[in-house]
There are 2 protein chains.
Amino acid sequence: MITDKKERVIEAAALSFSQFGFKATTMASVAKIAKVAKGTIYTFFDSKESLFSTILERTMRQLRQAADTAIQEEAAFHENIQAMLDAILGFRENHQLLIKMGQEAKELGTAEVLEILTQVERQILDYIKSVIMKEKAKGIVTKHDPELLAFLVYKTYIALISDWERQHEPLPKETISEIIRAQIH
Amino acid sequence: MITDKKERVIEAAALSFSQFGFKATTMASVAKIAKVAKGTIYTFFDSKESLFSTILERTMRQLRQAADTAIQEEAAFHENIQAMLDAILGFRENHQLLIKMGQEAKELGTAEVLEILTQVERQILDYIKSVIMKEKAKGIVTKHDPELLAFLVYKTYIALISDWERQHEPLPKETISEIIRAQIH
DNA sequence: AAATTGACCAAAATTCTTTTTTGGTCATTC
DNA sequence: GAATGACCAAAAAAGAATTTTGGTCAATTT
């Protein structure tokens, strides 16, 4: 069956990319893990990049889903924002692929990965923005426009979670909530 | 006169560091610009690093001074914070040295420069913190502790000034003010 | 005839070798 | 005693040689 092989290639590639990164993953090894000849991969994907971005899209879809299920129609605005951010970050925390990409971008500065990561960031920002706009449609008034608000929330969250902890004790969840809540007013 | 030569060395080094960066500045060229023999430099400074950090300390002193003069005893809390941030950023904007260091850290990843830049950031944070604490002594109540507040203000400001502008139109000053003001409550 | 393979190739990356540059010293000069 | 610049070891850069890698395609299998 044709789909079976394609699945195996995707599975193998996902494993390798998240274990060794983009650069260190070779098409030969993916083929070997997938028990497929190298040429076969090229009947499904026309380059290493396209294979990579297929896997990344899959990951992004999972991420969006995790965020979606975290949001409750009835909950308050800031509760939803918070839940969504937790979902996104929780997902990131135990998803090898995105972690590896972050490392590789920093250490190796791989061009492809760097570009992909800004796309991931863009998607997260768009997602936050869409949540804000949905809330706005419900009648909530926000001080700034959704694009700016999404940007602020995202940057603040990242700063509090990752930058702050590089030099300080982790902040309690309530403090983070409070700060984000103050942002969205 | 001994001081004359030392001055010339510092001047030449400052010029070269801010024009070409740390790595691309050679002791030989500094000597040449300063019209001094290479050995002479080593009677004043015992390494390239120490020469570099002397110059950087000078720059930091200037930066602190710029911020200090921006602050008015009588002005309101958020006015002072704003004035200080403007001073810091305005200073940075037209100070070649710090700009070059930022570039070099990103592009070359020079270890010495990377370390120095975290020190610069630490100093800016400490400065903001001290301003906050001075205001606090005047009786102003802040929601979070000064360290966290300084961190938040700094990160937000950087995000709004530099990250935001990579993808959007620059924000009007009033918007930035408003956001910062909301932070410090 | 459609799918699959793996030997094959050019280009890129890596390693090894040679050459040049650089930070730092110190005997000599001023 | 301050200043110099030829000198050196170490590091960096450049170049040459070698290996690895992404991608192709004629041959084979299904």
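Below, chains carry the letters A, B, ... as their sequence lines are ordered, and counting in each starts from 1.
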Peer 1: Encode nucleotides 19-27 of chain D as B, S and - characters from 5' to 3', where the letter depends on protein heavy atoms closer than 4.0 Å: B to the base, S only to sugar-phosphate, - to neither.
Peer 2: --SBBB---
Peer 1: Rounded off to whole Å, could you give me the CZ-to-P distance for the A:Phe44 and C:dA3 pair?
Peer 2: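 Atom-to-atom, A:Phe44 to C:dA3, this comes out as 9 Å.
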Peer 1: Does anything in residues 41-58 of chain B form a salt bridge (Lys or Arg N to Asp or Glu O under 4.0 Å)? List the pairs, not counting sequence neighbours.
Peer 2: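 Passing the test, one end in residues 41-58 of chain B: B:Glu11-B:Arg58.
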Peer 1: Please check the phosphate of C:dT4 (OP1 and OP2 only) for any side-chain N or O of A:Lys5 closer than 4.0 Å.
Peer 2: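 Result: yes.
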Peer 1: Can you tell me which residue pairs pass the side chain to side chain donor-acceptor pair (under 3.5 Å) test with a partner in residues 68-79 of chain B, sequence neighbours excluded?
Peer 2: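 Those involving residues 68-79 of chain B are B:Asp68-B:Tyr127, B:His78-B:Arg181.
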Peer 1: Tell me the interatomic distance from A:Lys35, atom NZ, to C:dG6, atom P, rounded to whole angstroms.
Peer 2: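 Taking atom P of C:dG6 as the reference, NZ of A:Lys35 is at 14 Å.
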Peer 1: Please, which pairs that meet salt bridge (Lys or Arg N to Asp or Glu O under 4.0 Å) have at least one residue in residues 155-170 of chain B, sequence neighbours excluded?
Peer 2: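 Matches after skipping sequence neighbours: A:Lys155-B:Asp163, A:Asp163-B:Lys155, B:Asp163-B:Arg166.
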Peer 1: What residues, two or more places apart in sequence or in another chain, satisfy ring-ring contact (aromatic ring centres under 6.0 Å, His included) together with B:Tyr42?
Peer 2: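 Here no residue qualifies.
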Peer 1: Can you check the A:Leu108 CG to C:dA13 C1' distance for me, whole Å?
Peer 2: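 Nearest whole value for this atom pair: 12 Å.
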Peer 1: Sorted by first residue and then second, give each side chain to side chain donor-acceptor pair (under 3.5 Å) pair with at least one member in residues 107-116 of chain A; sequence neighbours left out.
Peer 2: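 For residues 107-116 of chain A, and leaving out neighbouring residues, the side chain to side chain donor-acceptor pair (under 3.5 Å) pairs sorted by first residue read A:Glu104-A:Thr110.
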Peer 1: Report the distance from atom CD of B:Glu112 to atom P of D:dA11, rounded to the nearest whole Å.
Peer 2: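 Between P of D:dA11 and CD of B:Glu112: 13 Å.
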Peer 1: Within 45° of the axis and under 6.0 Å from the centre of the six-membered ring of A:Phe45, does NZ or CZ of A:Lys6 qualify?
Peer 2: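 Flagged: A:Lys6 positioned over aromatic ring of A:Phe45.
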Peer 1: Send over the distance from B:Ile41 CD1 to D:dG5 C1', rounded to a whole Å.
Peer 2: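 About 12 Å, once rounded to whole Å.
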